[in-house]
**Q** 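Structure provided below as structure tokens; questions to follow.
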Amino acid sequence: MSTLDASTIKKVVVACDAGMGSSVMLAGQLSSSLAPYSVKVQHSPVNQIPDDADLVLCQQGLVSRAKAVKPDKPVLGFTMFLGDPVFDKLQKAIRDGGQLEY
Amino acid sequence: MTRADEAPSPTSSGPTESTLSRLKTKVQRFGGNLAAMVMPNIGAFIAWGLITALFIPSGWWPNETLAKLVGPMITFLLPVLIGYTGGRLVHDQRGGVVGAVATVGVAVGSDVPMFLGAMIVGPLGGWLIKLFDTKIGHRTSSSFKMLVDNFSAGIIGGALAVLGMLGIGPVVRTLTEWLGSGVQFLVDSGLLPLASLIIEPAKVLFLNNAINHGVLGPLGAAEAAESGKAIQFLMETNPGPGLGILLACLLFGPRMMRASAPGAMIIHFFGGIHEIYFPYVLARPRLILAAIAGGAAGVLTFVVFEAGTTATPAPGSIIALMAVTPKGGHLGVLAGVAIATVVSFLVAAVLLGFGRAEKARELQEQVAAGGQVDGNAKQKG
């Protein structure tokens, strides 16, 4: 477990296998919940995570691939696509500017 | 019970697991690359599928002139798009150009659509021009850069096209025909439902795109070019098995699943984003049996009805499925989806003990956490 200062997060990238389905859906939901804190949310295929991502978000099953592509990026894994506590944790950390464990 | 399982071999289970997960990551990446060549071009596949469904002699509005679009699109446009995308994945625009030229070499003169060939020579072309650029091209002085860039891409692409037409093409064509007749054998002998034994577990390990767009899609397109529809398009995209599992989770699943299941069902069945049900299976791995049973029942139904679609329904939403089903085939497709849903639901319901097992487990977890049975359990910090 390492931590990340949530106030440094300016861009969150949601990654899925193709970058066309579930990541688009999640990015849409997250961008509206994170918009008040001027955090950008983008989606991408897990093989093509952009370099300017401050935090990568993907399903547990894809975490090792995301880490293989971007070994130096913090990767936060979630389990469920709907109502996973990780999303609340992320929003809370960004809102309060605390430390985010990943 | 888990404690007893783990205790005897704490050292041996570690490396095996990490080797397995490394393998999984590798397969995912390879499959992801296959799918990444096809998925950005799904729009073109659907355009072809719609044109086919509308204008061929057995279509909704048969039209001899417009039906002329069908052949060139599947023979040239779609393979070239795949080859271009494959090359571009390796080496951007220059890789894409060489990949596209190389693909024409395998596509021309082939009587089967050259998707497999495009998936080989596209990235190969991209890789060769990348090799040239990194080894030789970057040493060129800037005044000759444009000349060298254009002619290196032209010569490598042209050479690959010739090689593809004479050498790679015939080999891949034979391979494609073998694969095609292999699938046909499975259909004829009624063994096709067994494919669900591989498809459904691979799906929930996030190999869904690799299986569908990397393997079944190209096989199906070859079949659809011949007979106007293909069962291969339905095997992974059938939303029935996932819907059945979500339905069972809604009624009998643990509390956390019950809450999110209705939203997940809409996103899965109508939005076509199947990923949404994978975590439910991964959380209760035995549910994979429900997915396999449902998937196999669906495939069997498709075989019986001789159902198929004209293009890959992507995403696997019921709306997309209906849109690419040829005239007169809707009953078979709907029956397959419905039967898959029912079978998967019933098996999942049994596996979840109709909710009794989950209630007992919740109770057990609360007791184990040192909390009271009444729901006063302490929250884990």
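Residue numbering restarts at 1 for every chain, and letters A, B, ... go by the order of the sequence lines.
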**Q** Is chain B contacted by the side chain of A:M20, its backbone, both, or neither, given a heavy-atom distance below 4.5 Å?
**A** side chain
**Q** For B:F270, does the CZ atom have more than 12 heavy-atom neighbours from other residues, nucleotides or ligands under 6.0 Å away?
**A** no
**Q** How long is the straight-line distance from OG of A:S64 back to NZ of B:K26, given to the nearest 0.5 Å?
**A** 11.5 Å
**Q** Rounded at 0.5 Å granularity, tell me how far CE in B:M39 sits from CG in A:D17.
**A** 7.0 Å
**Q** Within a 6.0 Å radius of atom CZ on B:R94, are there more than 12 heavy atoms belonging to other residues, nucleotides or ligands?
**A** yes
**Q** Any chance NZ of A:K11 has more than 12 other-residue heavy atoms, nucleotides or ligands included, within less than 6.0 Å?
**A** yes
**Q** Is A:Q60 in contact with chain B via its backbone, its side chain, both, or neither, using a 4.5 Å heavy-atom distance?
**A** neither
**Q** What part of B:I267 gets closer than 4.5 Å to chain A, counting heavy atoms only: side chain, backbone, both or neither?
**A** side chain
**Q** Between A:C16, A:A18, A:G83, which has the largest tally of heavy atom pairs under 4.5 Å with chain B?
**A** A:A18
**Q** Which distance, rounded to the nearest 0.5 Å, do you find between the CZ of B:F206 and the SG of A:C58?
**A** 9.0 Å
**Q** Can you tell which part of B:L89 gets under 4.5 Å to a heavy atom of chain A, answering side chain, backbone, both or neither?
**A** side chain
**Q** Does atom NZ (A:K73) have a neighbourhood of more than 12 heavy atoms from anything else shown, all under 6.0 Å?
**A** yes
**Q** Under a 4.5 Å cutoff for heavy-atom pairs, which residue among A:V69, A:L62, A:V24 has the most contacts with chain B?
**A** A:L62
**Q** Side chain, backbone, both or neither: which part of B:K24 has a heavy atom under 4.5 Å from chain A?
**A** side chain
**Q** For B:I198, does the CD1 atom sit with more than 12 other heavy atoms under 6.0 Å from it, leaving out its own atoms?
**A** no
**Q** Does a donor on one side chain and an acceptor on the other come within less than 3.5 Å for B:N33 and A:N47?
**A** yes
**Q** Of all the heavy-atom pairs spanning A:M80 and B:P279, show the shortest one and how long it is.
**A** SD-CB, 3.6 Å
**Q** What pair of heavy atoms forms the shortest contact from A:L82 to B:G263, and how long is it?
**A** CD1-C, 3.7 Å
